[in-house]
Amino acid sequence: MAGLIKREDIDAVRERVDLREVVEEYVTLKSAGIGSWKGLCPFHDERTPSFHIRPQVGTYHCFGCGESGDVIAFVMNMDHTSFQETVERLAAKAGIELRYEDGGTGPDKEEVGRRRRLLDAHKIADEYFREQLHSPEAQIAREFLAGRGFTREHAEQFGVGYAPQGWDHLLKHLRSRGFTDEELSASGLFSEGSRGLYDRFRGRLIWPIRDMTSNTVGFGGRRLHEDDKGPKYLNSPETTIYKKSQVLYGIEHAKRNIAKKRELIVVEGYTDVMACHVAGVDTAVATCGTAFGEGHIKIARRLLSDDGGGGEVIFTFDGDEAGQTAALKAFKEDHQFLAKTFIAVGPEGMDPCDVRQHRGDEAVSELIRARRPLFEFAIRAGMKDYDLSTVEGRVGALRYAAPVVAGIKDPALKPAYTRELAGWLGMDMDDVNRAVQAAARRGVAPQRQVDPAVQAHRRGFGPAPDADPADGAEPVQHQPGPHDHGGPAGEPAASSAAPTHYPRPDTRDPAVMMERQALEVILQHPTRLTADQWEEIFTVRFTAPAHAAVHAGLRSAAASATDPRNWVRAVSDEVPEPLRPLVAELAVAQLPARTEEEVETYCQSILNRLVELKITHQKADLLGRLQRMGPDESPEEHQRLNRELMDLEHRRRALRGDQ
C-alpha cells in the first residue's frame, strides 16, 4: 500500500542531497562570495545572473522572477515531477531508504527493479541505434534526413538513429549486455514468432521517445526500404514504462521553454517537431501515433501552469480532411484547458517540416504567428456541413454554432464572435444573440473549471523582473508554489481565497535595512550566534511587518531546530505562506564579505547593531516615562529609571567598543 513519506526522511533528503550539485546539472554557477553561488535563472530569460543558491542552507532564490525553494522544489520545477516522485528520485540518488506513514510502503522494490532494467535496455538500444546511423548501411537514412533539411548535428541533437536490416542485431546486442529473454520480451523492442524473439525495428530511421525526466521509454521508426511491407511509421507497443496517452515526443527538449513561455505547440510528426525546434519554435511536441487526449492534457496543464492566468496551446494540423477531423477532436477537449487554444494550418496544407524545407525557418515562425482561435476554426468547419443558402441550413448552422460561441470565456470576444456569426450566417444580430444566450443558459457549451491542485502550484511573490529587490514600493504577495507542501509527503496545500499582503519592507529606512541584514545573518549563519545572542534576538522588536513575521518564525523554529541544513526550511514552515519566498530571498542574499574572517566580523557587527537598536528602543521608552513624570513625583522611581538609562548606555558603548 502506498503511503506518505515520513517527514524526517524528507528532511534527510534535503540535508544529504547537495543543492549545488543538482543545480549545476541545469545551470552554470559562479562563486558569489563565501558559501554563495549565482547563475542565469533557469525559470526566466535574463542576461545578468540573478539566481542565487546557498548550499549550506539548501536554498535558492531568483531576485529577478522571485522563484525560490529547496532542492526538492528545484527538481520539481525543472522536471515537472510530483513531490513524492521527486523525493523518491533524490533519495535513491543519495542512498536514503524512505519510510512511509501508517504502515504504507513506497514503490514495490521488485517492480522498481524491473522498471530500471527496462529503462536500461532502452538506454542501451538508444545508444546502439545512434551508432548505427553512421554505418554504411544507414546511407539511405542519412539521405532521408538531408532531403528534409536536417544536418548531422540536428540528428545528434534529437538522438535520431538507424535500426539495421536483419532479424536479430539488437537482440544479440542486448543479450551480450546481460539481458534475459524474459526482460527483452517485456521491453517492447522485440516481436515474437515461432522461432522466438526478433527485432521489432528493422531497416528504419529511429527516433527515441522520452518521458518528462528524459528517460528513453520507446521508439518510433520510419520505413525507408521499398521491400518493407510494414506501416510507414511503427511505434513501440505499450509497456510498463511506455503509455502512448501519457507521452509527448520532444518533451525533453521543449518542457523548460513551455514552462517559461507558457506556450505549447502540438504538431503531428517527429520531423515536424525537429523542424520547429531547428527553426527556433522551441515549444513544439507531438503525440506518438495517437490522438491528443486527456493524458496529454494533464502533461500540458502541468507545464503551462494552466490556472487561467495566461498560456496558449497551438495545434498544427494538415489542411486535408484528416487534419480537420483531428482539429475538431482536439476542440472537444478544449474545455479541459484554461489556456487559450489555437490552430495553425500551413500554407497549401503543408506541415511544419514541409514549410521549413520549402520556405525556410522564418516561415515556420510565421505559421505559428498566423494561428487563429480553435473555436473559430470549429465554427467555420462545422458550418460547412450546412447549406447556408436555405433557411433550414442557416437555422441548423446556428444551432450548431451557438453553443460554441456561448462557451467562449473571454467576455470581450463573446459578443464580437456573436456579431461575426450573425454576419457569416446572414441572420439578424438579435436572433443570433438570443440563440447564444439560450445555449449558455442550457449549459450546452463546455465549462472550464479551475483545478485547485493546479492553482496551488502557482506562485506570485516578489518584485517585477526589472525591479530592485530592495525597492520599498512593491507589496510582498504570494500564491503557493511547487515548493509549498502541506503534509508529510508534500501534498499541495490548498490555495487561500484571499492571500495576506505584507508591505515590502522599505530598506531606504536605515533601521529597516539593518533589520533585513540581521535576518540575513541569522538565516544564513545560525551557528555563529552564541546563546546570549540568541536570547537578545528573541526579545528584539522588528518594525517592518514582514520582518516582524519572519522574526516570529525564527523564534518558533529555534525551539525545535536540530540541523543547520534544515534551518531555513524550519523557519519557512513557521512564517505565513506569503512570506516564504522572502525567507528564501534573505537566505541567499550576498553578504559583503570575501573571507571566513570577514564573514565572522560582519555577522558579529550586524548582530551587535541589532542589539544596539533594541537598546535604543528601550532608552526611548525610559526617556518617555521620565518626561511624563513630575520632578517631585516618586524620587525613587526617578532614580531607578535614570540608573536603567545609564546601564543601557553602558551596554550600548560596550557593543560599539567605546570602552
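From a predicted model like this one, the values you see are computed outputs, not experimental measurements.
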| said: Quick check: closest heavy atoms across Cys62 and His44, and the distance to 0.1 Å? | reply: SG-CE1, 3.3 Å
| task | Over all heavy atoms of both residues, which pair between Met78 and Lys255 is shortest? Give the atoms and the distance, please. | result | O-CE, 3.9 Å
| message | Looking at Leu4, is its backbone amide N or carbonyl O close enough to the side chain of Glu101 to form a donor-acceptor pair, meaning the two atoms are under 3.5 Å apart? | response | no
| field | Thr283/Glu263 under side-chain hydrogen bond (donor to acceptor under 3.5 Å, both in side chains): CA gap, chis, key distance, verdict | value | CA-CA 6 Å; Thr283 57; Glu263 171 192 88; 2.7 Å; yes
| query | Between the side chains of Ser245 and Glu294, does any donor sit under 3.5 Å from an acceptor? | reply | no
| Using 4.0 Å as the upper bound for N to carboxylate O, is an ion pair formed by Asp11 and Arg14? | yes
| message | For Arg609 and Met514: C-alpha separation, side-chain torsions, deciding distance, then whether side-chain contact (heavy atoms from CB on, under 4.5 Å) applies. | response | CA-CA 8 Å; Arg609 286 173 58 196; Met514 197 276 299; 3.5 Å; yes
| Within a strict 4.5 Å, meaning less than it, do heavy atoms of the Ile251 and Leu303 side chains meet? | yes
| message | Under a 4.0 Å threshold between the charged nitrogen and the carboxylate oxygen, would Arg20 count as salt-bridged to Asp18? | response | no
| said: Do Val512 and Thr543 have side chains that approach each other closer than 4.5 Å (heavy atoms only, starting at C-beta)? | reply: yes
| field | Donor-acceptor pair, side chain of Ser605 and main chain of Thr601, under 3.5 angstrom | value | no
| Arg114 side chain near Thr240 side chain, heavy-atom distance below 4.5 Å | no
| query | So how far is it from Glu574 CD to Ser556 OG, rounded to the nearest 0.5 Å? | reply | 4.5 Å
| Less than 4.5 Å apart, any side-chain heavy atom of Leu119 and any of Thr216? | no
| Are any of the side-chain heavy atoms of Arg580 and Val575 separated by less than 4.5 Å? | yes
| Check against side-chain contact (heavy atoms from CB on, under 4.5 Å), Arg99 and Ile5 | CA-CA 6 Å; Arg99 296 165 298 166; Ile5 304 170; over 6 Å; no
| task | Determine, using ring centers only, whether Phe51 and Phe63 are less than 6.0 Å apart. | result | no
| task | Decide yes or no for Val583 and Val550: does some side-chain heavy atom of the first lie under 4.5 Å from some side-chain heavy atom of the second? | result | yes
Check residues 520-527 and write down every donor-acceptor pair under 3.5 Å in which the side-chain atom is one partner and the other belongs to a residue at least two apart or another chain.
unit_1	atom_1	unit_2	atom_2	d
Glu520	OE2	Arg516	NE	3.1
Gln524	OE1	Arg54	NE	2.9
Gln524	OE1	Arg54	NH1	3.3
Gln524	OE1	Arg54	NH2	3.0
Gln524	NE2	Leu586	O	2.9
Gln524	NE2	Ala589	O	2.8
His525	ND1	Arg528	NE	3.3

| request: Under the side-chain contact (heavy atoms from CB on, under 4.5 Å) rule, what do Asp282 and Lys261 come out as? Steps first, then yes or no, please. | output: CA-CA 10 Å; Asp282 54 12; Lys261 299 179 180 180; 2.6 Å; yes
| Atom pair CZ/CG of Phe43 and Asn77 - distance to nearest 0.5 Å | 4.0 Å
| Near Lys260 NZ, under 6.0 Å, is it more than 12 heavy atoms from other residues, nucleotides or ligands? | yes
| said: Just so I know, are the side chains of Asp509 and Met513 near enough to count as touching, which here means a heavy-atom distance under 4.5 Å? | reply: no
| query | Say you draw a straight line from CG of Asp70 to OH of Tyr60; how long is it, rounded to the nearest 0.5 Å? | reply | 7.5 Å
| query | How many angstroms lie between OG1 in Thr530 and CD in Glu535, if you round to the nearest 0.5 Å? | reply | 9.0 Å
| So Trp567 and Trp534, would you call those rings parallel, tilted or perpendicular, with 30° and 60° as cut-offs? | perpendicular
| Side chains of Glu312 and Arg262: closer than 4.5 Å at any heavy-atom pair? | no
| task | Using a strict cut-off of less than 4.0 Å between a Lys/Arg side-chain nitrogen and an Asp/Glu carboxylate oxygen, indicate whether Arg89 and Glu85 qualify as a salt bridge. | result | no
| Hey, what do you get for CG (Leu264) to CG (Asn257), rounding to the nearest 0.5 Å? | 11.5 Å
| What are the two closest non-hydrogen atoms of Glu577 and Pro581, and how far apart are they? | O-CD, 4.0 Å
| query | Considering residues at least two apart in sequence or located in another chain, which fulfil the ring pair (Phe, Tyr, Trp, His ring centres under 6.0 Å) criterion with His551? | reply | Phe542
| remark: When every non-hydrogen atom of Gly58 is compared with those of Leu19, the smallest separation belongs to C-CD2, 3.6 Å
| query | What distance separates Lys243 NZ from Asp211 CG, expressed to the nearest 0.5 Å? | reply | 13.5 Å
| Which pair of non-hydrogen atoms, one from Gly39 and one from Val27, has the smallest distance, and what is that distance? | CA-CG1, 4.1 Å
| Do side-chain atoms of Lys93 reach the backbone of Val17 as a donor and acceptor pair under 3.5 angstrom? | no
| task | Identify the two heavy atoms, one from Gly64 and one from Ser50, that lie closest to each other, and give their separation to 0.1 Å. | result | N-OG, 3.6 Å
| Worked verdict on Thr28 versus Leu40 for side-chain contact (heavy atoms from CB on, under 4.5 Å) | CA-CA 7 Å; Thr28 300; Leu40 294 176; over 6 Å; no
